[in-house]
Amino acid sequence: GAVVSQHPSWVICKSGTSVKIECRSLDFQATTMFWYRQFPKQSLMLMATSNEGSKATYEQGVEKDKFLINHASLTLSTLTVTSAHPEDSSFYICSAATDSNQPQHFGDGTRLSIL
Amino acid sequence: AQSVTQLGSHVSVSEGALVLLRCNYSSSVPPYLFWYVQYPNQGLQLLLKYTSAATLVKGINGFEAEFKKSETSFHLTKPSAHMSDAAEYFCAVSEGNSGGYQKVTFGIGTKLQVIP
């Protein structure tokens, strides 16, 4: 149980393109979803926390207009990297939890490469 | 505020040898502590967690960790390494009863190499 699916797993696109990443909880309802970014040889850095039906809470230094997060249902959150540039290339990982008293379950990540 | 320090970004052990991955934490409130494993190009899988119950926590794949408040440590061990244990391991902390499983702070990770 507690499976989180992330799609796509790998995307390569040109600079200036907007890219949407989906995060789905397959067998549970996720009140809260989290988006992380992981640079090579570094740890995961929390970008934002989203609760279903409300605006996401972004961490300091993360541009909310650059990284658009939508959590419209209890099983789906999306992260859109708008007008992506090479410096946005990274590994993006989502996680989901039923509530704050339950552990986060992680997706398999999306490797984004901007040319 | 909370933080995690993982000593040793790379650890090499022989197959069959003891695995010891070190983690020290800092937290202003009683913490929850976690160990996660990450295989290449994959997300994180929870190995085990400490949530203020038993201080010795057993996880999946034969791993265990002991919460030592006096040492602010949560080291991960496995008696006998297997080739399939080669991966990156992340220690993490959250604010326990104050924040549950939210606001998890991850360590920088330790890459475990298992030598045949």
Side-chain angles (χ1 to χ4, degrees), chain A residues 1-12 21-26 28 30-51 56-60 90-113, chain B residues 1-11 21 23-25 29-53 57 59-60 87-113:
Chain A
V3 178
V4 175
S5 173
Q6 199 171 330
H7 178 80
S9 56
W10 202 304
V11 59
I12 303 173
I21 302 170
E22 292 187 348
C23 180
R24 293 181 185 272
S25 57
L26 297 186
F28 66 101
T31 304
T32 307
M33 287 187 170
F34 305 85
W35 287 95
Y36 295 86
R37 185 173 182 177
Q38 185 180 31
F39 290 103
K41 301 185 190 301
Q42 295 188 29
S43 188
L44 281 73
M45 300 299 294
L46 180 65
M47 298 175 66
T49 303
S50 73
N51 292 298
T57 302
Y58 289 81
E59 295 299 302
Q60 192 172 9
S90 191
F91 194 54
Y92 293 87
I93 303 177
C94 74
S95 70
T98 52
D99 57 55
S100 63
N101 292 317
Q102 297 299 323
Q104 298 178 32
H105 300 280
F106 287 81
D108 277 346
T110 297
R111 185 160 299 284
L112 175 62
S113 296
Chain B
Q2 58 196 28
S3 65
V4 173
T5 302
Q6 288 184 245
L7 297 175
S9 58
H10 286 80
V11 170
L21 304 182
C23 173
N24 289 87
Y25 71 90
V29 298
Y32 286 179
L33 293 158
F34 313 85
W35 275 100
Y36 287 89
V37 61
Q38 184 181 35
Y39 296 99
N41 293 312
Q42 292 187 25
L44 274 67
Q45 181 181 8
L46 181 65
L47 277 178
L48 49 79
K49 63 183 186 291
Y50 165 77
T51 57
S52 75
V57 182
I60 61 172
E88 189 146 22
Y89 293 80
F90 292 93
C91 182
V93 61
S94 72
E95 292 182 341
N97 292 329
S98 300
Y101 293 87
Q102 304 209 26
K103 284 288 188 180
V104 177
T105 300
F106 289 86
I108 201 164
T110 297
K111 186 161 287 187
L112 177 66
Q113 180 185 24

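Atom set for the values below is all heavy atoms of this structure, side chains included, hydrogens, waters and symmetry mates excluded. Letters A, B, ... mirror the listed sequences (proteins, then strands); counts begin at 1.
- Heavy atoms closer than 4.5 Å to chain B are found nowhere in A:S9, neither backbone nor side chain.
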- Applying side-chain contact (heavy atoms from CB on, under 4.5 Å), run through B:F106 and A:Q38 and close with a yes or a no. CA-CA 11 Å; B:F106 289 86; A:Q38 185 180 31; over 6 Å; no
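- At a 4.5 Å heavy-atom cutoff, the contact between A:T32 and chain B is made by side-chain atoms alone.
- Between B:L44 and A:F106 the shortest heavy-atom distance is O-CB, 3.3 Å.
- When the candidates B:G43, B:S9, B:G107 are compared by the number of heavy-atom contacts under 4.5 Å with chain A, B:G43 comes out ahead.
- Minimum heavy-atom separation, B:L46 to A:P103: CD2-CB, 4.3 Å.
- Within the 4.5 angstrom heavy-atom criterion, only side-chain atoms of A:E59, from C-beta onward, approach chain B.
- Comparing A:R111, A:Q102, A:Q42 by heavy-atom pairs within less than 4.5 Å of chain B, the highest count is held by A:Q102.
- With a threshold of 4.5 angstrom between heavy atoms, B:Y36 approaches chain A through side-chain atoms but not through N, CA, C or O.
- Separating the CZ atom in B:F34 from the CD atom in A:Q104 is a distance of 7.5 Å, to the nearest 0.5 Å.
- Neither the backbone nor the side chain of B:Q6 comes within contact range of chain A; no heavy atom of the residue lies under 4.5 Å from a heavy atom of that chain.
- A:L44 contributes atom CG, which lies 11.0 Å from atom OG1 of B:T105 (distance to the nearest 0.5 angstrom).
- Shortest non-hydrogen contact noted between B:Q38 and A:F91 is NE2-CE2, 3.6 Å.
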